[in-house]
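Worksheet: the structure to be examined is printed underneath.
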Amino acid sequence: MPFIIDAEGIVVRFGDFAAVNGIDVKVQEGVIYGFLGPNGAGKTTTVKVLTTMMKPTEGRLSVGGYSTAEEPRKARDLIGVVQQHIALDKDISVRENIICRAMLHKIPKKEIEPRLMELADMIGLTPYLDKLVGNLSGGWKRKVAILCALMHEPKILFLDEPTAGLDTQSRHMLWDMIRQMNKRGTTVFVTTHYMDEAESLCDVVSIIDKGMIKESGTPKELCARIGQWTVEYDSEEGKRRYRFFSDWYDAQAFVSQVSERDPATRKTHLEDVFLEETGRDNMKVTEKRLRV
Amino acid sequence: MSLIGDTMRVAMSDLYYLKRNLPILMATSIVTPVLYLVAFGYGLGKDITMEGVSYMAFMIPGVVALTTVTSSFTTVANKLMVQKRFYESFDEMLLCPISKTSLILGKSILGILKSMMCGLLMLLIGYFLSDDLQITPMLILCMILSCMVFSMLGVAAGMIVPDLPRMNLFNSFVILPMTFLCGTMFSLDALPEVAKNIIGALPLSQTSACLRAAALRWDFPWVSLCILIGYGLLFYGLCLFSLRKTN
Ligand SMILES: Nc1ncnc2c1ncn2[C@@H]1O[C@H](COP(=O)(O)OP(=O)(O)OP(=O)(O)O)[C@@H](O)[C@H]1O
Ligand SMILES: [Mg+2]
């Protein structure tokens, strides 16, 4: 099956710093694709490239079978995006923002209102429709941004850290909404820091660090790759250490070796994979990066 | 037709903004020109005549010119700058199926509307202050044209200028001097030859010349009108160029 998002060899340089350094992104139609990475890994930059908001320094990209270099218009019509920085006009009301966005996408006038009401009902935005966007809390602003992105019924929805700053209820509601959209046939590309979220939501995930993709696959596959059983124990300096095993009996054998260091055996989570791939101590990385 | 339709789609959010804030926006843009009229027209220029008319009659078209020009430029430039840098809503507009020309025109609508309202209000005030002044269709047309030209410059500035301090710098070193010097409140003949030629070539000088001739029924400076249109095309090109670069 052809990929609905098909990017090859994407490089984005700012000066001589490569924020994205030669990545391939292949997303199949109908999946929820998780893009995971620590701060500054290049997630937002990748989203900007995939949504055609930024031209990559190198690489080629097609969206829905349309090359973005040759037929950007056709590719763009398939895309809905909710950026990390909520891109709304804050000095007009929620309803006005949504109507403006719908008009820009040339949705027929008489369809705007019913669709707006349907979506607002689904997200629980109805009571806020006539409030100024600037006066809403961060979570509600994000919901408005999501509603705006959904107005033209995009085939592919990009969400750049949609749950950052949302309370637990809203996060769960948003996940449900994403699943619901996905069931209706929307392919979802979502970036996040939250591993539990990615694990429960995404069919496929990629882990990106320092502009390069470290791992790709279903959450289960990734866990199996490092070993589906985790043994945690205390090191001599008192730090928590982790060892991964494919086999339960190997894990138990190891537990008996470190029995006096408070060991515990559990299933490997996506979070473990993430930390193994991106380094448990990523502050060092950040420091180096800031100097660039 | 889709050009006009699309232009209005782009302008929509700005129109909602205008509707919400009309009195405040009007009040802030009208204060300075009214002060000019009172201070210079009444205070200083009561007994002066200039180029054959009373100073008040001479000055009012100039003040109308500077009102429309500064208000269209600053409104558009600041709004676009905020949408681009702070709201970051502009980039998403680029994803919508809208042509670049509609985008540029749409973004200038707010400036054209607001500054036309301010300009007409000033004209009305001026009409009661001086008997020599006439409101002619040509005058209105010239006002609309200059609003369009400077709104376009505002779009270009909003696209190009990266931050608020630099925008203020541009305002203080380009726009503000133009409002004082470009034949708005005194005749360019008063200046030394070199200065007269340089300042006379600036777009606001063309606007003042056109508005004044139209309002006082002098010989119409068609050359100025053409130069003004030329500036409009130049600014439009600048907008297109900067849009291409960001996209
Ligand atoms: N316009 C720019 N100019 C220069 N450097 C940039 C620019 N945009 C991003 N970068 C750099 O590129 C790197 C990747 O940034 P990006 O925003 O893609 O990270 P991210 O993975 O989205 O991080 P976060 O999780 O914090 O949102 C960072 O080091 C950032 O400083
Ligand atoms: Mg980001």
Side-chain angles (χ1 to χ4, degrees), chain A residues 44 47-48 50-55 63 68-69 71-109 112 130-135 141 144-145 148-149 151-152 154 156-158 160, chain B residues 1-25 28 75-76 78-107 109-110 114 158-159 162 242-247:
Chain A
T44 299
V47 168
K48 288 216 161 134
L50 296 181
T51 53
T52 75
M53 284 198 271
M54 183 189 278
K55 271 212 181 91
V63 175
T68 54
E71 297 175 290
R73 185 65 275 140
K74 285 192 173 140
R76 277 174 196 159
D77 285 342
L78 306 175
I79 292 174
V81 53
V82 179
Q83 296 193 68
Q84 184 173 5
H85 310 281
I86 302 164
L88 297 166
D89 278 356
K90 295 174 182 71
D91 46 20
I92 58 178
S93 76
V94 172
R95 187 193 298 275
E96 288 162 351
N97 260 289
I98 300 168
I99 292 176
C100 290
R101 186 66 68 82
M103 301 262 301
L104 283 169
H105 279 288
K106 307 200 172 167
I107 298 167
K109 255 209 180 103
I112 294 179
D130 292 311
K131 288 211 156 68
L132 275 189
V133 170
N135 294 344
K141 279 191 195 122
V144 178
C148 282
M151 278 304 278
H152 68 293
I156 314 165
L157 182 62
F158 289 87
D160 195 357
Chain B
M1 272 316 94
S2 87
L3 180 73
I4 297 175
D6 288 1
T7 301
M8 292 323 286
R9 288 170 201 276
V10 175
M12 202 70 184
S13 64
D14 292 343
L15 295 182
Y16 279 130
Y17 167 76
L18 184 65
K19 197 173 110 196
R20 277 180 184 280
N21 300 296
L22 189 61
I24 300 176
L25 289 175
T28 42
T75 309
V76 172
N78 290 340
K79 191 82 177 73
L80 187 54
M81 163 109 173
V82 166
Q83 283 173 335
K84 234 176 115 63
R85 314 280 162 192
F86 299 110
Y87 298 170
E88 303 187 46
S89 58
F90 185 75
D91 286 356
E92 285 186 19
M93 229 177 227
L94 297 175
L95 293 179
C96 301
I98 298 283
S99 73
K100 292 195 169 63
T101 301
S102 296
L103 209 59
I104 295 168
L105 293 178
K107 277 291 143 203
I109 293 283
L110 173 69
K114 191 196 124 188
M159 298 279 316
S242 52
L243 258 181
R244 288 249 160 79
K245 235 178 62 181
T246 53
N247 206 359

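Letters A, B, ... are given to chains in the order of the sequence lines, protein chains preceding strands, and every chain is numbered from 1. What you see is a predicted model, and the numbers here were worked out from it, not measured in a lab. As a basis for the values below, the full set of heavy atoms in this structure was taken, side chains included, without hydrogen atoms, waters or symmetry mates.
Listed by first then second residue, pairs satisfying ring-ring contact (aromatic ring centres under 6.0 Å, His included) with a partner in residues 89-109 of chain A read His105(A)-His152(A), not counting sequence neighbours.
Ranked by heavy-atom pairs under 4.5 Å with chain B, the first of Arg101(A), Met103(A), Arg73(A) is Arg73(A). No other option in Asp89(A), Ile86(A), Ile92(A) has as many heavy-atom pairs under 4.5 Å with chain B as Asp89(A). If you tally non-hydrogen atom pairs under 4.5 Å between each of Ser13(B), Pro97(B), Ser89(B) and chain A, the highest count goes to Pro97(B). Comparing Asp91(B), Asn21(B), Leu95(B) by how many heavy-atom pairs each has under 4.5 Å with chain A, the most go to Leu95(B).
Only the backbone of Leu88(A) comes within contact range of chain B, with at least one heavy atom under 4.5 Å from a heavy atom of that chain. For Lys79(B), the part lying under 4.5 angstrom from a heavy atom of chain A is the side chain only. Interface remark: Asp77(A) contributes side-chain atoms only to the contact with chain B (heavy atom separation under 4.5 Å). Heavy-atom distances place the side chain of Ile99(A), and not its backbone, under 4.5 Å from chain B.
Judged purely by distance below 3.5 Å, without hydrogens or angles, the side chains of Thr44(A) and Asp160(A) pair a donor atom with an acceptor atom.
Between Lys106(A) and Asp6(B) there is a salt bridge, since a side-chain N of the basic residue sits under 4.0 Å from a carboxylate O of the acidic one.
In terms of modelled atom types and a separation under 3.5 Å, the side chain of Arg20(B) and the main chain of Leu15(B) share no donor-acceptor contact. Gln83(B) places no side-chain N or O within 3.5 Å of a backbone atom of Leu80(B) that could act as its donor or acceptor partner.
For Thr75(B), the side chain to side chain contact (heavy atoms under 4.5 Å, CB included) partners at least two apart in sequence or on another chain are Ser71(B), Leu110(B), Lys114(B).
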